[in-house]
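Read the structure below first, then the notes.
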Amino acid sequence: MSMPCVPFKVFGTFARNPNHAMRFFIDTANLDQIREAQDLGVLDGVTTNPSLMAKEGIHGEARVKQHYIDICNITSGDVSAEVISTDFAGMVKEGEALAALHPQIVVKVPMIKDGIKAIKYFSDKGIRTNCTLVFSAGQALLAAKAGATYVSPFLGRLDDNSQDGMDLIAQIRLIYDNYFFETQILAASIRHTMHIVKCAEVGADVATCPLSAILGLLNHPLTDIGLAKFLADYASNK
Ligand code: E4P
């Protein structure tokens with residue numbers, strides 16, 4: 001009699017690779033912010049999108065490509081670079097050119113029909129991908145089936161629309177663990193520190209965050225009060 005394949009549980013959570021710690025990406029195309037996160041020593045990669053590039057005034061193919069290389073020269077982690085085309089042939093051409101720029105580049109592809117075809121094509125060729133604009137578990141399942149390296153559920157934009165984005169992260173975690181999909185959950189559209197903490201609780205592989213949310217993790221008034229007291233006591237004891 002064949003036994004059903006059931007993922008094993010440890011203390012109520014699915015067991016995963018113990019060597020696989022949560023990673024922090026920064027969600028910006030701003031070089032100063034990327035440097036600041038890198039200097040903090042906790043940066044594992046960078047995500048960009050066309051809106052973030054436009055925000056920095058980076059226009060034109062040559063400048064955009066140079067900017068991706070500049071980002072790769074700051075961090076040693078993965079750098080997501082998004083295609084603009086929405087047809088299969090266009091995405092393949094753009095994605096291959098982006099991947100050729102630097103070994104750290106991950107080609108970011110939208111969750112549309114031709115995007116899934118392109119992700120499968122890139123996966124077969126060993127080009128790493130990040131499937132973006134994911135808002136449902138079904139989309140995440142399809143991205144994993146196509147062989148995406150990362151899937152990017154946009155939790156903040158779901159929250160903005162009265163749907164709990166964290167529920168989606170947990171649902172994708174369960175589905176991927178059920179079948180040992182290797183696609184990594186890259187929680188995106190993060191707005192604040194509690195998004196990061198909750199992502200860690202539900203087991204997102206990566207959180208891509210604004211610098212303010214990463215730095216926000218430092219904050220607690222009792223830390224400031226405690227440090228001030230320690231320093232005052234040290235000074236009074238001289
Ligand atoms: C990153 O990969 C996404 O493009 C980004 O997190 C979207 O964030 P936003 O919803 O704040 O624009």
Side-chain angles (χ1 to χ4, degrees), residues 22-31 33-34 37 42-58 64 67-68 71-72 74-75 77-86 91 94-95 98-99 101-102 104-112 115-116 118-119 122 127-136 139-140 142-144 146 148-169 172 183-200 202 204-217:
M22 184 189 191
R23 285 177 293 149
F24 282 6
F25 288 4
I26 189 167
D27 195 24
T28 184
N30 182 288
L31 298 182
Q33 291 189 14
I34 296 168
V42 298
L43 189 66
D44 300 302
V46 178
T47 51
T48 64
N49 62 35
S51 306
L52 293 170
M53 295 293 272
K55 194 172 162 192
E56 300 307 317
I58 312 297
V64 166
H67 202 73
Y68 288 137
I71 293 173
C72 290
I74 298 173
T75 176
D78 289 347
V79 175
S80 286
E82 189 159 340
V83 298
I84 306 301
S85 304
T86 53
M91 281 190 258
E94 251 189 89
L98 288 171
L101 286 178
H102 199 282
Q104 286 165 236
I105 294 283
V106 174
V107 181
K108 206 171 176 192
V109 178
M111 167 40 79
I112 54 176
I116 288 297
I119 287 170
F122 289 134
I127 292 174
R128 295 177 310 138
T129 53
N130 174 356
C131 183
T132 189
L133 289 166
V134 166
F135 293 93
S136 79
Q139 292 177 327
L142 206 49
T149 313
Y150 296 101
V151 65
S152 286
F154 278 32
L155 69 94
R157 292 194 198 185
L158 282 171
D159 285 359
D160 291 343
N161 284 277
S162 310
Q163 187 180 334
D164 190 340
M166 209 56 68
D167 285 350
L168 176 61
I169 307 286
I172 299 171
T183 301
Q184 296 173 58
I185 302 172
L186 196 173
S189 187
I190 281 178
R191 305 265 191 262
H192 49 71
T193 56
M194 278 314 290
H195 273 158
I196 304 177
V197 172
K198 288 285 170 193
C199 277
V202 300
D205 298 290
V206 188
T208 188
C209 321
L211 181 63
S212 59
I214 297 173
L215 295 179
L217 294 171

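One-based numbering, in listed order, for ligands and for the atoms of each.
Residue-ligand proximity, Arg157 to ligand 1, at heavy-atom distances under 4.0 Å covers atoms 7 (C), 9 (P), 10 (O), 12 (O). Numbered from 1 in the order shown, with element, the atoms of ligand 1 that lie under 4.0 Å from a heavy atom of Ala188 read 1 (C), 6 (O).
At the top of the distance list for atom 4 (O) of ligand 1, counting protein heavy atoms only, stands Asn49 ND2, 2.7 Å. The single protein non-hydrogen atom nearest to atom 8 (O) of ligand 1 is Ser189 CA, 3.4 Å, given as residue, atom name and distance. For atom 5 (C) of ligand 1, the nearest non-hydrogen atom of the protein is Asp27 OD2, 3.1 Å. Of the protein's non-hydrogen atoms, Phe154 CZ, 3.5 Å is the one closest to atom 3 (C) of ligand 1.
Considering only heavy atoms from C-beta on, Asp160 comes within 4.5 Å of Arg191 through its side chain. Residues Leu217 and Ile196 have side chains in contact (heavy-atom distance under 4.5 Å, counting atoms from C-beta outward). Residues Thr129 and Tyr150 have side chains not in contact (no heavy-atom distance under 4.5 Å, counting atoms from C-beta outward).
We find that Arg128 and Asp78 are joined by a salt bridge, their nearest charged nitrogen and carboxylate oxygen being less than 4.0 Å apart.
An N or O contact shorter than 3.5 Å is missing between Thr132 and ligand 1 by distance. Among the atoms of Arg191, some N or O lies under 3.5 angstrom from an N or O of ligand 1. Among the atoms of Lys108, some N or O lies under 3.5 angstrom from an N or O of ligand 1.
Checking Asn130, Thr47, Thr132, Asp27 one by one against Ser152, the side-chain hydrogen bond (donor to acceptor under 3.5 Å, both in side chains) holds for a single residue, Asn130.
A pairwise comparison of heavy atoms in Leu142 and Met111 identifies CB-CE, 4.4 Å as the closest pair.
In this model, a donor atom of one side chain and an acceptor atom of the other lie less than 3.5 Å apart for Glu56 and Asn30.
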